[in-house]
*Asks:* 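If you scroll down you'll find the structure; I have some questions about it.
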Amino acid sequence: MTHSCPVVIVGGGPAGTAAAGQLGKLGITSKIIEEASKIGGVIYRGPLRNTHSLPHLDDNLKRAMAALQTRYYANRRHIELLENTRVLGPEGTHSLLLNKGETLSNIEYQELILATGCHERSVPFEGWQLPGVMLMGGVQLQIKSGLVQPGRKMALVGTGPLLPLVACQLHRSGIDVVGVYEASQFSKLAKEAVALLNEPKLTLSGLSMMGYLKKHTIPFYYGWGIVSAQGENALKSITVAPYNEHWQADTQNAQTLEVDALGVGYGFVARSQLAMLMGLDHQYSTVSGSIPTLDQWQHSSVNNVYVAGDSSGVLGADAAICEGQIAAIRIAQNRGVLTGKEAAQHAGKVMRKLERLKRFRSGFDRFSERQVGLMELAKPETVVCRCEKTTRAQVDIALAQGVKDITSLKMRTRLGMGDCQGKTCASYAIDRLHQSGCTDNIGAIKPRFPLDPIPFTFLEEQ
């Protein structure tokens, strides 16, 4: 192995930049391939244009964003950043095909760290395609990276710790937040007190957010959720209702709210399409979707390929940083920069912190575990696959005819065959299969090369 060859890192979010920073500390060069124009990922990227202040962000988030930038610039001489660059997939052995602007190129690697992050879990309901209905990550992108208000009068529905965080950010941005609706009951969260004490600072931060909402009279409802959205060419109103423990809506006590924007957040799934295309072994997680099988050093089933961050299982930014550092330390050991004892010493504290974060996160995962009631929100005519316009009724027919795996469902309904390659509909399809009693050998929607569409004429010009 040529020790002077840079380590290639796909993704410049918390995991990717932490890995590059750790490698840089040990004198190892790396190349970060980042599809955006700035590092940091959705959570820490910040505005894509200059601004003098960030009044919509809390102090903890500002400090975390600054810490990421500090790690990066402290080791900048060991890091090459390829921004606005997308990975289309593997090409040959130890090589990736890249697309930047109107140019295709290859990059070879000896060690590869995949830090591709996650994408949002879509939950179809009546009216979910109306302009103004956005997933929570899209809401954050608008206010944090675009410095754009997603709406003037908004509600948030879903589950998990992102709800109060985004509600605070929206309010600080000058938006009227009329209500936040958490699907699970508060009593369920109270049972996770021991798990949450694994990270007291994060727990106190969450309590601070809830205090902010109360201070500014922003209502937060436990055990409530979305029923439907209404409007002609744009969102005009939503209907919310109390949820029982199975998240089934009590429509007899539903309420209608006039809003011009809605944030929906029912969790995230690992963005593992590149890892799957590269042939890494995967397993299915009810929390994170298809995730690579890894050892304690973030090493995959494919030699010299590591996976870190939410693409290895959705645990959040702090855990992603730990995983990026662990992968980097292992690479340093394999290159002979660190001995086995030194690598264990470097990684020991980080691994212990990662375990605490996992215990903390498991409490929220149990609290936010999806329930069967979500599957009842879509009506027979509701589109569940946007690319191919597949409806719930078509999925129902296929399941009634005996379909028991994702590939057969895809063949019967065209679900997952569109440009997004199942990112929007795969989670819903798998949940429906589970709901119908299929638990074994369901499979996954297999990604296709290239991962992002490119024109045929573009290929001819290369």
*Asks:* Which residue pairs pass the ring-ring contact (aromatic ring centres under 6.0 Å, His included) test when at least one of the two sits in residues 144-195, sequence neighbours left out?
*Replies:*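 Residue pairs passing ring-ring contact (aromatic ring centres under 6.0 Å, His included), neighbours aside: His171-Tyr212, His171-His216, Tyr181-Tyr221, Phe186-Tyr222.
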
*Asks:* Could Glu35 and Arg271 be called an ion pair, given the rule that one side-chain N must be under 4.0 Å from one carboxylate O?
*Replies:*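 Yes, charged N to carboxylate O under 4.0 Å.
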
*Asks:* Do the side chains of Lys62 and Asp58 get close enough for a salt bridge, i.e. N-O under 4.0 angstrom?
*Replies:*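 Result for this pair is no, no salt bridge flagged.
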
*Asks:* State, without any angle test, whether Ser312 and Glu323 hold a side-chain donor-acceptor pair at a distance under 3.5 Å.
*Replies:*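 Note: Ser312 and Glu323 side chains meet the donor-acceptor criterion.
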
*Asks:* Measuring from atom CZ of Arg45 to atom CD of Glu34, what distance do you get when rounded to the nearest 0.5 angstrom?
*Replies:*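 The distance works out to 6.0 Å.
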
*Asks:* Taking atom types as modelled, find out whether Ser228 and Gln230 have a side-chain donor-acceptor pair closer than 3.5 angstrom.
*Replies:*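 Ser228 vs Gln230: donor-acceptor pair found between side chains.
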
*Asks:* Can you sort out the partners of Asp365 under salt bridge (Lys or Arg N to Asp or Glu O under 4.0 Å), two or more places apart, ordered by chain and number?
*Replies:*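 With neighbours one apart ignored, the set is Arg361.
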
*Asks:* For the OH atom of Tyr266 and the OG1 atom of Thr159, what is their distance to the nearest 0.5 Å?
*Replies:*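 Separation between the atoms: 8.0 Å.
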
*Asks:* Any carboxylate oxygen within less than 4.0 angstrom of a Lys/Arg side-chain nitrogen, looking at Asp260 and Arg152?
*Replies:*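 Looking at Arg152 together with Asp260, the answer is no, because their closest N to O distance does not fall below 4.0 Å.
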
*Asks:* Flag the pair Asp318 and Lys353 as a salt bridge only when some basic side-chain nitrogen lies within less than 4.0 angstrom of an acidic carboxylate oxygen.
*Replies:*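 So Asp318 does not pair with Lys353 through a salt bridge.
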
*Asks:* What residues, two or more places apart in sequence or in another chain, satisfy salt bridge (Lys or Arg N to Asp or Glu O under 4.0 Å) together with Glu192?
*Replies:*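 By the salt bridge (Lys or Arg N to Asp or Glu O under 4.0 Å) rule, Glu192 matches Arg366.
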
*Asks:* Roughly how far, to the nearest 0.5 Å, is OG1 of Thr203 from CZ of Phe364?
*Replies:*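 Spacing of CZ (Phe364) from OG1 (Thr203) equals 6.5 Å.
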
*Asks:* What I'd like to find out is whether the side chain of Leu170 reaches to under 4.5 Å of the side chain of Leu156, using heavy atoms alone.
*Replies:*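 Side chain of Leu170 against side chain of Leu156, heavy atoms only: contact under 4.5 Å found.
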
*Asks:* Is it the case that Ser37 and Glu83 place a side-chain donor and acceptor less than 3.5 Å from each other?
*Replies:*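 There is no such pair (donor and acceptor under 3.5 Å, judged by atom type) between the side chains of Ser37 and Glu83.
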
